[in-house]
Amino acid sequence: MKILDKIIGKNIHLNFVIRLLFLLLIVFILDFTVGKTLRYFYFKEQFGRQYRATYAIDKCSAEVVVFGSSRAYHHYMPNIIEDSLKQTCYNTGSPGQFLLFNYAILKAVLKRYTPKIIILDLTANSLGVEKLSYDRLSFLLPYYKDHPEMRSVIDLKGPYEKYKLISSIYPFNSELLMIAGGNSDHFKAKSVDYHGYKPLNNIWDKPIKIQGDEPYEIDSVKLKILNLFIKDCQAVGIKLYLVYSPTFTNFTKIDYSIITAKQIAQDYNIHFFDFSNDTTFNNHPELYDDKDHLNAKGSELFTNKFLNKINNN
Amino acid sequence: MAFVPVYILILGFTIIIDYFAGIFIENGVIKKRKLFLIISLIANIGILAIFKYYNFLNQNLTELLGSLHTSNPIPFLKILLPIGLSFHTFQAMSYTIEVYRGNQKAERNFGIYSLYVMFYPQLVAGPIERPQNLLHQFRETHHFNYGRLQQGLKLILWGFFKKIVIADRLALHVNEIYNRPLEHSGISLLLATVFFAFQIYCDFSAYSDIAIGCAKIMGFDLMTNFKRPYFSTSISEFWKRWHISLSTWFKDYLYISLGGNRVSIPRWYFNLFIVFLISGLWHGANWTYIIWGALNGLYLIFAIILQKAKNNINVFTGINKFPRINLFFQILITFMLVCFSWIFFRANNVSEAFLIIKRIFTNRGPLSYDKDDPSSFIFSFASILMLFLVEFKREFFNKKFSFLNNENWIINNLSYALLIIIILLIGVFDGGQFIYFQF
């Protein structure tokens with residue numbers, strides 16, 4: 001290196017360019033190596049949130065598929081659905097993820113096979129204008145490379161994602177520990193799920209939340225995505241159910257996203273089951289883990305009640 | 001955030017006023033010089049008052065009249081606070097004051113004066129420059145310099161590291177806890193307060209580093225704004241290391257104008273208190289900031305009052321014979337006092353601040369973190385540890401081996417490459433990272 005220093009030392013332009021190229025080369029090598037290693041271990045996971053997404057996207061072949069957020073994840077018990085409908089079921093609900101995420105997963109699922117029934121669990125404000133749902137599409141960046149069908153949704157995250165994805169590490173940003181956990185048996189017991197469903201065991205003891213928001217601005221992109229979700233399902237003959245599962249909230253006015261989604265469901269002639277003010281759940285905090293999520297007892301009751309509605313229709 | 005192009009006229013207005021005020025102050029007879037200074041100060045403070053404090057004062061008036069069952073007839077203004085207004089009005093004021101004091105010649109070139117106020121690297125978040133340091137640099141010829149480019153880029157990269165890896169990561173946790181203090185335990189609130197201390201330091205000092213780095217690349221030297229403040233051994237030292245450009249602004253233009261410490265003792269205490277009270281108000285139009293400022297003023301006053309007692313305790317306990325242990329405790333106590341004041345700075349309102357303090361001391365619930373995915377929580381600690389190691393080394397072993405400023409350019413480049421990889425690996429790039437608390 002001293003020889004190199006001697007050769008380039010006198011020419012400040014060359015000196016700078018070589019040092020800069022050296023820095024870029026190291027960054028490129030490190031980025032490539034670390035990124036590839038993370039990719040390898042990401043897709044080698046056997047349990048956990050990331051594995052559940054990979055399973056839904058690449059492997060799931062269930063006849064009944066549940067879509068939604070953490071509320072879907074903790075509310076729909078696939079074993080009860082399987083027993084009742086005599087069909088296999090998988091719950092793809094993912095904490096902190098909403099309609100955009102659900103639609104990206106749906107596109108990956110439909111590319112491989114056609115489920116018979118799809119349940120889409122919606123949340124309050126799921127169609128409202130907010131940025132988080134778009135930002136959280138970063139969870140799907142590891143699939144961008146191998147799943148062109150999902151790209152149109154992931155690209156909604158921002159106009160520069162394609163360029164950011166030049167980095168091999170970027171798709172796995174902040175996932176390092178989750179990847180390590182998903183490959184370690186130590187965390188297996190904690191991450192266990194039942195066909196995608198995870199029960200909660202706390203008992204809520206706080207007073208019911210009162211909510212009655214005025215109509216708010218609806219996000220036109222999300223509205224379009226909900227329409228596409230329905231159209232894509234109907235195009236291949238899937239029976240689709242839209243659901244607002246229980247929350248420990250007393251709605252003095254129905255949430256505007258739910259009103260909008262109900263209207264859309266009516267337009268497409270599909271069922272919308274609204275449990276927002278269902279007294280079976282609203283008067284019973286013991287059925288909840290927290291104000292937004294049912295516990296195991298509550299989810300069992302809800303799954304059965306929901307199946308009754310399906311069977312009656 | 002909104003972009004309102006017409007707001008540039010506000011900046012234009014103060015630039016014109018201050019530009020001519022500077023010339024008139026320099027040319028005027030003594031009485032008129034003072035008049036022009038007052039006109040300049042009224043214009044700057046007036047704009048700040050309208051945009052930043054009008055609605056706050058009106059809100060307080062409304063509440064006061066409401067408690068007397070009377071309605072407030074004064075309307076609220078539908079205005080946005082222009083970004084960086086507090087910074088560039090203070091920078092503009094320092095110009096007219098310095099011209100008035102005879103320390104700075106009035107700038108005749110309108111373009112150069114405008115550049116002084118609007119120099120973009122530090123327009124939005126400082127450092128709040130002084131005319132003596134910055135104005136002459138606009139007249140000098142700047143040649144492209146690889147050394148400066150390298151130094152500037154390094155500062156910018158370190159700034160991005162502090163902002164993206166540390167501040168934004170800690171913000172995820174702090175925001176969740178501080179926005180719902182009733183749902184979190186005392187230990188969670190305490191930890192969130194410590195996290196906030198590092199969040200605000202990294203956030204703010206990162207902007208300064210990026211500003212100083214950008215300016216350096218273009219050939220300009222801006223003043224240092226932060227000097228590892230959490231290694232301060234007293235509150236007084238903390239304010240010599242924290243937001244230096246603002247602290248010295250208040251010292252030079254307010255504290256000394258009030259008489260500083262060359263007055264009676266009660267007046268000295270009053271000077272200290274009022275300076276920090278106004279400093280608090282400068283940070284934001286909210287009672288939380290005012291209390292934060294007042295608290296820091298009280299810290300300084302009590303530090304002076306208790307100085308003798310402190311010396312006696314040191315002698316009595318014999319701790320002064322163990323300088324390292326003494327240093328450690330002084331740093332720890334100062335940090336704890338600073339953290340306590342940050343509760344008011346970060347809390348959404350005063351009542352929540354007191355609620356948080358109460359819960360910290362009385363609530364014994366479990367520590368809140370995302371139990372399904374503790375990554376963010378772990379990254380928060382890891383990022384603070386990385387910062388601590390770098391700052392500890394710089395504070396106590398500055399001349400010893402350095403990775404980031406190594407004379408060997410290969411080690412140097414490897415260190416910076418690693419910094420970039422860490423940013424890519426655990427930086428927070430948008431709201432995609434989130435903490436999922438279950439209550």
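Everything numeric in this text was worked out from a predicted model, so none of it was measured. Chain identifiers are assigned alphabetically (A, B, ...) following the order of the sequence lines, protein sequences preceding nucleic acid strands; residue numbering begins at 1 within each chain.
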Inset, instruction - Starting at CG of Leu182(B), measure out to NZ of Lys206(A) and round the result to the nearest 0.5 Å. - result: 8.5 Å
Inset, instruction - Would you check if Tyr416(B) and Ile26(A) make a side-chain contact, meaning some heavy-atom pair closer than 4.5 Å? - result: no
Inset, instruction - Rounded to the nearest 0.5 Å, what's the gap from OG on Ser174(A) to CG on Leu425(B)? Could you check? - result: 8.0 Å
Legend entry - Considering all heavy atoms, the nearest Ile423(B)-Asn173(A) contact: O-ND2, 4.0 Å
Inset, instruction - Count the heavy atoms belonging to other residues, nucleotides or ligands that lie under 6.0 Å from NZ of Lys297(A), then report whether that count exceeds 12. - result: no
Inset, instruction - Working to the nearest 0.5 Å, report the span between NZ of Lys164(A) and CZ of Phe429(B). - result: 7.5 Å
Inset, instruction - Kindly check if the number of other-residue, nucleotide or ligand heavy atoms within 6.0 Å of CD (Glu217(A)) is above 12? - result: no
Inset, instruction - Mark yes when over 12 heavy atoms from residues, nucleotides or ligands other than Ile187(B) sit less than 6.0 Å from its CD1; otherwise mark no. - result: no
Legend entry - Tyr194(A), OH atom: more than 12 neighbouring heavy atoms under 6.0 Å: no
Legend entry - CG-CZ distance between Leu177(A) and Phe377(B), expressed to the nearest 0.5 angstrom: 13.0 Å
Legend entry - Region of Ile420(B) in contact with chain A, defined by heavy-atom distances below 4.5 Å: side chain
Legend entry - Interface residues of residues 31-40 of chain A facing chain B - non-hydrogen atoms under 4.5 Å apart: Asp31(A), Val34(A), Leu38(A)
Legend entry - Leu23(A) CG to Ile410(B) CD1 distance, which is reported to the nearest 0.5 Å: 12.5 Å
Legend entry - Enclosure of Tyr207(B) OH (heavy-atom neighbours >12, cutoff 6.0 Å): no
Inset, instruction - Please round to the nearest 0.5 Å and tell me the distance separating atom CZ of Phe16(A) and atom CZ of Phe144(B). - result: 6.0 Å
Legend entry - Best-contacting candidate, Tyr134(A), Tyr170(A), Phe172(A), against chain B by heavy atom pairs under 4.5 angstrom: Tyr170(A)
